[in-house]
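Naming: A, B, ... by sequence-line order, numbering from 1 per chain. Note that this is a predicted model, so its numbers are computed, not measured. We use all heavy atoms of the structure for the numbers below, so side chains are in, but hydrogens, waters and symmetry mates are not.
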Amino acid sequence: MAKRPDQREPFVVRLYVADRESTAVRAIANLEAVCREFLPNGCELEIIDILREPQRGLDDSIMVTPTLIKLAPPPVRRIFGDLSKRGRLLDALGLTGLEIAPRRP
Amino acid sequence: MARRNQKEREPRLAKAPTGIDGVDEITGGGLPRGRATLLTGPAGSGKTVLALQTLVNGARRFDEPGIFVAFEEGFQQVVANAASFGWGIPSLVQKRGRRSPRLAFVDSRLSPGAVQAGTFDLSGLIAAVEFRAKEIGAKRIVFDGIDVLLVMLNDPRVERGEMCRIHDLLERAGLAGVVTMSTTGPEPPGSFMLSLSDCIIQLTHRLAERASIRAFRVVKYRGSAFVANEFPFAIASQGIEVADFGTRPRYRVFAERVSSGIPRLDNMLAGGYFRGSTVLVTGMPGTAKTTLAGAFVAAACARGERALYISLDEQPAEIIRNLASVSLRLERYVRSRLLEIHADQPQATSPEEQFVRLRQRIRAHRPSTLVIDPISAAIRMGGQSTALGVAERLLAMAKSEGVTTLWTSLYQGSEEAMEATPLHVSTVADTWIHLSYRAGRGERNRSLTVIKSRGTGHSHQVRELILDDQGIDLADVYTVGGEALMGTARWERERIEAATQRDVEEEEARKRRELESLAAEIRAQTEGLERRRQSLAAEMRLLDQTVTLRERNESRRLQEVRARRGGGPASRARRRKGRSAPTED
């Protein structure tokens with residue numbers, strides 16, 4: 001049974017993209033949409049352009065772009081791709097179950 | 001020379017030497033710079049070792065830093081796997097003061113549990129790698145386990161696009177790239193991989209007659225000459241070594257002779273074996289092949305040269321003991337480290353390992369003289385054709401190192417069919433000595449024949465090989481009615497010859513005595529005559545004295561007479577002179 005995330009717990013994600021490629025643009029848009037819909041308390045999102053900060057990509061062993069790392073709440077998860085598959089994204093972020101009751105007043 | 005210069009002026013493909021024995025020879029200088037080399041092979045075929053070794057050699061020997069991008073294994077795992085090769089990877093990846101490390105790892109494994117949610121590409125990785133490459137000034141790069149990535153991409157069109165990206169990176173950064181790819185089963189990698197790679201190297205691993213055979217083959221090398229043959233290789237204690245026999249035989253040719261250890265054999269060979277040449281000794285069991293080898297080794301050590309004795313059937317202690325019975329004492333040379341004796345079990349290793357181990361021993365000990373006894377035992381390591389290949393390469397390698405090599409080979413067939421010696425090493429050998437038994441008149445005797453000796457006017461006669469506690473010697477063989485005499489028959493013949501010799505000597509002695517007595521007689525006569533001549537001379541001297549005395553007396557008497565007859569001035573003067581004579585005289 002999926003445990004509901006504590007709404008007050010900060011939600012921290014880091015997104016690695018390469019420049020402004022189409023996958024990068026799509027990934028950012030998809031992630032922002034999820035944040036809007038499922039994380040009303042907002043989320044801490046860091047977007048890193050690996051072309052500008054390659055060392056950070058090396059530090060995090062980024063193999064493909066885009067790669068999303070959910071740092072908090074635990075467990076740390078990695079999701080790669082342009083995040084267009086919403087079901088998998090929500091599953092990996094631990095937000096499944098929330099989509100049944102969206103848009104609270 | 002002029003032609004060569006012209007050739008060098010032509011633009012050539014820039015290559016990065018791998019520093020791996022054999023690989024650089026086969027590829028004509030190494031792997032292409034600014035391009036990708038695809039390294040394929042099944043799991044465990046040595047792809048990662050070869051790729052990593054190229055990087056380590058680049059960093060250590062050619063001052064070319066490298067990057068290892070790992071899709072399959074982590075840094076710790078790669079380091080642990082390569083630890084036994086002694087490449088010192090941990091020190092290569094460390095910073096050297098302010099200078100950047102010579103080797104960098106980029107861990108590009110997809111973390112377990114990572115979820116794919118949509119399309120993606122490798123641009124992030126390429127950017128990170130390119131950044132790192134610039135940072136350390138990399139000249140080489142390895143993408144290890146690209147198949148992991150391809151499975152993940154799972155779309156030929158996307159795969160192609162990503163490979164192009166890697167290709168562009170290599171070209172842009174001038175990196176010599178190695179991409180390893182595991183091939184499970186016989187299916188070839190995607191055609192785009194083949195067409196994108198400028199150089200394709202295939203590693204295989206199979207069993208041949210129960211021996212493990214690893215093989216290296218360059219399938220394609222765009223814009224470069226290469227040797228397309230399959231070459232066996234070994235993963236040895238210091239990494240991969242590929243046998244490069246037949247690609248470029250280069251060796252020094254010596255005019256110097258080295259002793260075989262048997263003076264009369266040296267005579268038969270016009271002074272001995274040529275230094276750096278290959279000597280094959282064939283023979284049936286017990287024909288003293290090992291003894292001949294031992295004599296050769298002992299002679300080398302006696303000259304103060306180092307020797308290496310590889311036995312494929314006996315233990316070192318056995319060899320030393322057995323050779324001592326023919327007064328070949330090798331123990332002192334083993335103790336003084338001039339001589340190394342190793343007993344190898346051919347069936348315990350693959351032919352390649354055997355080859356590589358021997359090469360390492362040669363390089364470690366630096367012998368001038370090498371013995372392999374018997375090479376025919378090598379058949380046990382994976383069949384005749386494999387053993388032949390290894391034997392030929394061993395010979396070529398020994399030759400290229402300037403080592404004089406003596407091989408023994410067991411031979412049991414008839415002498416007529418001898419050209420087909422086991423392993424056919426005879427065609428490679430410079431000198432071929434055959435030992436056999438001659439049976440007859442109730443005994444067996446060892447015989448030695450020099451069948452061939454390149455560049456040497458050698459005796460074609462069969463000689464008898466005599467072994468006893470005094471050592472080894474060759475005896476002339478008497479032929480009677482076309483049949484060589486040996487053993488007792490030779491001894492009888494020798495006795496007859498000796499008797500004749502004795503007669504001749506006695507006759508000579510008699511004649512000498514006769515002449516000597518005649519000479520003595522003449523000497524006596526000469527002495528008598530001399531004595532007579534001397535007495536005659538004495539007599540003549542006496543006669544002369546008498547004459548002088550008589551003449552003086554006569555002249556005085558005349559003066560006296562003159563003076564008495566009436567003294568003139570002459571007589572006065574004479575008187576005066578006569579008076580003063582006592583003081584003046």
Side-chain angles (χ1 to χ4, degrees), chain A residues 13-31 33-34 47-71 74-96 99, chain B residues 67-77 93 100-101 104-136 138 143-146 148-155 158-159 161-162 165-166 168-169 172-173:
Chain A
V13 289
R14 190 180 289 160
L15 179 66
Y16 281 96
V17 294
D19 202 16
R20 288 276 151 186
E21 287 196 1
S22 54
T23 53
V25 175
R26 279 202 302 275
I28 293 167
N30 288 333
L31 183 62
V34 166
I47 297 174
I48 295 162
D49 183 355
I50 210 164
L51 300 194
R52 297 213 179 109
E53 294 179 81
Q55 184 60 53
R56 298 208 50 190
L58 286 169
D59 294 343
D60 265 335
S61 294
I62 298 304
M63 177 180 174
V64 297
T65 41
T67 292
L68 178 68
I69 304 176
K70 184 197 71 169
L71 296 162
V76 174
R77 295 296 299 267
R78 281 180 180 237
I79 306 113
F80 62 92
D82 62 5
L83 311 181
S84 55
K85 293 186 178 172
R86 177 169 282 211
R88 287 198 190 182
L89 173 62
L90 294 176
D91 197 30
L93 291 176
L95 297 174
T96 35
E99 70 220 86
Chain B
I67 291 190
F68 190 92
V69 182
F71 292 117
E72 210 168 3
E73 297 171 313
F75 171 63
Q76 295 305 331
Q77 208 175 342
V93 297
S100 50
F105 272 78
V106 174
D107 190 344
S108 294
R109 285 175 304 163
L110 201 61
S111 42
V115 176
Q116 187 193 343
T119 56
F120 58 89
D121 58 48
L122 288 181
S123 46
L125 170 73
I126 303 287
V129 165
E130 192 168 4
F131 162 75
R132 199 88 178 92
K134 275 188 187 139
E135 197 179 48
I136 70 165
F143 292 94
D144 188 41
I146 199 85
V148 173
L149 179 71
L150 295 184
V151 165
M152 212 176 73
L153 294 169
N154 197 24
D155 177 349
V158 179
E159 287 174 14
E162 297 314 306
R165 243 192 256 266
I166 289 182
D168 290 347
L169 164 70
R172 209 162 51 231

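- Taking chain B as the reference chain and counting heavy-atom pairs below 4.5 Å, the highest number among A/I69, A/L83, A/L68, A/V17 is found for A/L83.
- With a 4.5 Å cut-off on non-hydrogen atoms, A/Y16 does not touch chain B at all.
- In this structure, chain B has heavy atoms under 4.5 Å from both the backbone and the side chain of A/I79.
- To the nearest 0.5 Å, the span separating CZ on B/R109 from CG on B/D144 amounts to 11.5 Å.
- Each of B/T119, B/V129, B/L125, B/L122 has some count of heavy-atom pairs under 4.5 Å with chain A, and the biggest count is that of B/T119.
- Ring geometry for B/F143 against B/F71 counts as parallel: the plane angle stays under 30°, on a 0 to 90° scale with 60° as the upper cut.
- In this structure, chain A has no heavy atom under 4.5 Å from any part of B/E130.
- To the nearest 0.5 Å, the span separating CZ on B/F120 from CE on A/M63 amounts to 7.5 Å.
- For the atom pair A/R88 CZ and A/F80 CZ, the distance stands at 8.5 Å (nearest 0.5 Å).
- The line from CZ of A/R78 to OG1 of A/T67 is 7.0 Å long, rounded to the nearest 0.5 Å.
- Interface remark: A/E53 contributes no atoms to any contact with chain B (heavy atom separation under 4.5 Å).
- With a 4.5 Å cut-off on non-hydrogen atoms, A/R26 touches chain B through its side chain but not through its backbone.
- Rounded to the nearest 0.5 Å, atoms OG (B/S100) and NZ (B/K134) are 14.5 Å apart.
- Between chain B and the residues A/P75, A/A18, A/S22, A/P54, the largest count of heavy-atom pairs under 4.5 Å involves A/P54.
- Between the CD1 atom of A/I50 and the OG1 atom of A/T65 there is a distance of 6.5 Å, given to the nearest 0.5 Å.
- Residue with the most contacts toward chain B among A/T23, A/L58, A/D91, A/L89: A/L58 (heavy-atom pairs, distance under 4.5 Å).
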